[in-house]
Amino acid sequence: MVLTIPKNFSQHATTLLNRHPQAMVLHYDTSAGHNFVASKMATSAVGAIRTSVAQTITTSYAKTMFAAIKQLDGGLKTAATTNQKLATGALNWHRPIGSSPGILIHWPPVH
């Protein structure tokens, strides 16, 4: 049995999160004509290799997705905190400035 891993296999693996992910293909050739038992063993080995590679890729994909979700969570928390600061700042626009309690800033300006 000959198992060939293409040069672009790892590069295609990095496209999992892209809009158009590339398929990862393993090429294998078994010499079925030489020995029936060896052919069956090689076919079984190829199945085991495919399963192992698929599990490794799935694990890597899941870790990448969880890391992206964690990063998104941090960004959403920052956005919420900043939104609260903006809301507080907007409320302060209607409060008196300094020692002149009669002067108010209105937004939008009142004509």
Side-chain angles (χ1 to χ4, degrees):
M1 175 178 77
V2 176
L3 175 67
T4 305
I5 301 172
K7 289 181 182 179
N8 62 4
F9 188 84
S10 294
Q11 181 183 2
H12 285 189
T14 64
T15 66
L16 283 174
L17 297 177
N18 292 356
R19 182 174 288 217
H20 303 290
Q22 300 294 315
M24 295 166 284
V25 180
L26 292 174
H27 301 284
Y28 64 93
D29 184 34
T30 59
S31 53
H34 291 117
N35 186 326
F36 178 76
V37 174
S39 171
K40 291 299 179 186
M41 289 174 62
T43 302
S44 177
V46 168
I49 291 168
R50 282 183 159 187
T51 300
S52 177
V53 169
Q55 287 175 343
T56 301
I57 290 169
T58 299
T59 300
S60 177
Y61 179 76
K63 286 180 182 178
T64 302
M65 288 301 295
F66 285 129
I69 290 169
K70 194 172 194 177
Q71 183 179 6
L72 175 64
D73 180 53
L76 290 174
K77 286 179 182 174
T78 300
T81 301
T82 304
N83 187 38
Q84 183 61 45
K85 288 178 183 178
L86 286 170
T88 301
L91 289 175
N92 288 336
W93 277 77
H94 294 286
R95 293 188 181 160
I97 296 176
S99 60
S100 304
I103 300 174
L104 297 175
I105 298 174
H106 294 279
W107 190 261
V110 178
H111 297 285

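Computed from heavy atoms alone, side chains included, the values below leave out hydrogens, waters and symmetry copies.
- T88 places a side-chain N or O within 3.5 Å of a backbone atom of Q84 that can act as its donor or acceptor partner.
- Other cluster members for L86: none, since no ILVMFWY side-chain heavy atom sits under 4.5 Å from it.
- Each side-chain hydrogen bond (donor to acceptor under 3.5 Å, both in side chains) pair with one or both residues in residues 9-22, not counting sequence neighbours, appears once here: N8-H12.
- By the 4.5 Å side-chain criterion applied to Ile, Leu, Val, Met, Phe, Trp and Tyr, V25 is assigned to no cluster and stands alone.
- In this structure V37 satisfies the side-chain contact (heavy atoms from CB on, under 4.5 Å) test together with N35, M41, sequence neighbours excluded.
- Residues satisfying the side chain to side chain donor-acceptor pair (under 3.5 Å) criterion with D73, sequence neighbours excluded, are K77.
- The distance from the OG1 atom of T78 to the CG atom of N83 is 12.0 Å, given to the nearest 0.5 Å.
- Remark: I57 CD1 is packed, more than 12 non-hydrogen atoms of other residues, nucleotides or ligands lying under 6.0 Å away.
- Remark: K85 pairs with no residue by the side chain to side chain donor-acceptor pair (under 3.5 Å) rule, at least two apart or across chains.
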Show every donor-acceptor pair shorter than 3.5 Å between a side-chain atom in residues 45-56 and any protein atom, with sequence neighbours excluded, or say none if there are none.
residue, atom, partner, partner atom, Å
T51, OG1, G47, O, 3.0
T56, OG1, S52, O, 2.9

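- Residues meeting the salt bridge (charged side-chain N to carboxylate O under 4.0 Å, His left out) test with K7, sequence neighbours left out: none.
- With sequence neighbours excluded, the residues that form a side-chain contact (heavy atoms from CB on, under 4.5 Å) with T4 are V2, H27.
- Crowding of F9 atom CZ: a count of heavy atoms from other residues, nucleotides or ligands under 6.0 Å exceeding 12.
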